[in-house]
2 protein chains.
Amino acid sequence: MTTPILIANYEELLRKAGFRITRPRKIILTILTESEDHPDAIELFRRASSIDKSISLSTVYRTMKMLEEIGVIHRHAFDGGPARFEQASDSHHDHLIDIETGDVIEFHSEKIEELQEEIARALGYDIVHHRLELYGRKRAPKKGAR
Amino acid sequence: MTTPILIANYEELLRKAGFRITRPRKIILTILTESEDHPDAIELFRRASSIDKSISLSTVYRTMKMLEEIGVIHRHAFDGGPARFEQASDSHHDHLIDIETGDVIEFHSEKIEELQEEIARALGYDIVHHRLELYGRKRAPKKGAR
DNA sequence: CTCTTTATTGCAAATAATTTGCAATTGCAT
DNA sequence: ATGCAATTGCAAATTATTTGCAATAAAGAG
């Protein structure tokens, strides 16, 4: 679904941004590229720990901040909860959050994007970024169906 | 802009929900009805304190939680910041946040709402609530304009 | 490969936002 | 007025995240 980005590419990116390629960073980047979900810091910490017990939670936080700054990841705060991260893919998308399970489904609507632009323009603004989150629950199958 | 709601109506609402009308609650509700902006808990606490020095921050938090539960207010977390509140008006709206000033502009697009429903439906979901936030900066006036 | 410099790390402590336990207080139905 | 349960203020606890600092480890120079 999301365009896979090789970890080697990330290392190149970090280098160009003037950062060092460290063991914790490699591990965290690997986890990010392999994650299909939107883990929060503690979850990333858990996954990283399973690879290298010595990685600290602070490093996870610091790394996420750095990766966000160079545009490698996006940070979300669904319903005011803890920050959850995902690798920035080439294509923008919004999120539908299953309020029962916490699952996150990605979607994109060019039409909505256009309308947003239109609205902002009418209000005299240029959109820098936006956040569209739908919170819902799985629809009960129509009776009669099956 | 927003439909004004009398504080007496709120007291009625609280009563019906089985809550007592206390001095702190009256004060907080008054502040909410008079606020045109989207204050956070500390700001509400400050405003409440200026009326009654004895009100505590915990009470502000507890009251906001209660008011949210009975649908009197809405809670926002713009860009992962602290929760900010506004009285729930009759009409739903979304927000455009000026990333330079922090100002919040309200808007509504029936078309976008419809598209959201459509998308959720296509994914097999019913929308329970949603969050649409545009973050932008005032557009530089076109050169030549004036 | 070894040395040197400086970024990065882990850890513990600090901060920020919010919640909670509890004894004292207060609203409200009698 | 009286009584009792809901509510409050305060302090301490939680949760999420950041930061200071001494120890460690990248990466360039030789």
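As a basis for the values below, the full set of heavy atoms in this structure was taken, side chains included, without hydrogen atoms, waters or symmetry mates. Per chain, numbering begins at 1; letters A, B, ... match sequence-line order. Note that the structure is a prediction, hence the values are computed from the model and not measured.
Residues forming a ring-ring contact (aromatic ring centres under 6.0 Å, His included) with B:H129 (at least two apart in sequence, or on another chain): A:Y135. Under the salt bridge (Lys or Arg N to Asp or Glu O under 4.0 Å) criterion, B:D103 pairs with no residue at all, not counting sequence neighbours.
Relative ring orientation between B:H76 and B:F78 is described as parallel, the plane-to-plane angle staying below 30° on a 0-90° scale split at 30° and 60°.
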> For A:L67 and A:L29, what are the C-alpha separation, side-chain angles and deciding distance, and is it a side chain to side chain contact (heavy atoms under 4.5 Å, CB included)?
Replying inline: CA-CA 9 Å; A:L67 293 179; A:L29 281 171; 3.8 Å; yes

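Residues from residues 50-63 of chain A lying near DNA chain C, meaning a heavy-atom separation below 4.0 Å, are A:S54, A:I55, A:S56, A:S58, A:T59, A:R62 in numerical order. A heavy atom lying under 4.0 Å from DNA chain C marks none of the residues of residues 66-82 of chain A.
Shown here is B:R137, whose CZ atom has no more than 12 heavy atoms of other residues, nucleotides or ligands within 6.0 Å.
Atom CG of residue B:L134 and atom CG of residue B:D94 lie 7.5 Å apart, to the nearest 0.5 angstrom.
No side-chain heavy atom of A:Y10 sits less than 4.5 Å from a side-chain heavy atom of A:L32.
At distances below 3.5 Å, not a single donor-acceptor pair connects side-chain atoms of A:R75 with backbone N or O atoms of A:R84.
Rounded to whole Å, the distance from CZ on B:R84 to P on C:dT18 is 12 Å. One atom, CD1 of A:I27, and another, P of D:dA26, lie 11 Å apart when rounded to the nearest Å. Between the C1' atom of D:dA16 and the CZ atom of A:F85 lies a distance of 10 Å, rounded to the nearest Å.
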Which side-chain N or O atoms in residues 38-48 of chain A pair as donor and acceptor under 3.5 Å with protein atoms at least two apart or in another chain?
residue, atom, partner, partner atom, Å
A:H38, NE2, A:E86, OE1, 3.1
A:H38, NE2, A:H95, NE2, 3.4
A:H38, NE2, A:E106, OE2, 3.3
A:D40, OD1, A:I42, N, 3.3
A:D40, OD1, A:E43, N, 2.9
A:E43, OE1, A:R46, NE, 3.1
A:E43, OE1, A:R46, NH2, 3.4
A:E43, OE2, A:R47, NE, 2.7
A:E43, OE2, A:R47, NH2, 3.3
A:R47, NH1, A:S35, OG, 3.0
A:R47, NH1, A:D37, OD1, 3.2
A:R47, NH2, A:D37, OD2, 2.6

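For C:dT18, neither phosphate oxygen OP1 nor OP2 lies less than 4.0 angstrom from any side-chain nitrogen or oxygen of B:K65.
Under a 4.0 Å N-O distance rule, the pair B:R131/B:E133 qualifies as a salt bridge.
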> Reading nucleotides 24-30 of chain C from the 5' end, what letters show protein touch, with B for base, S for backbone sugar-phosphate only, - for no heavy atom under 4.0 Å?
Replying inline: --BBS--

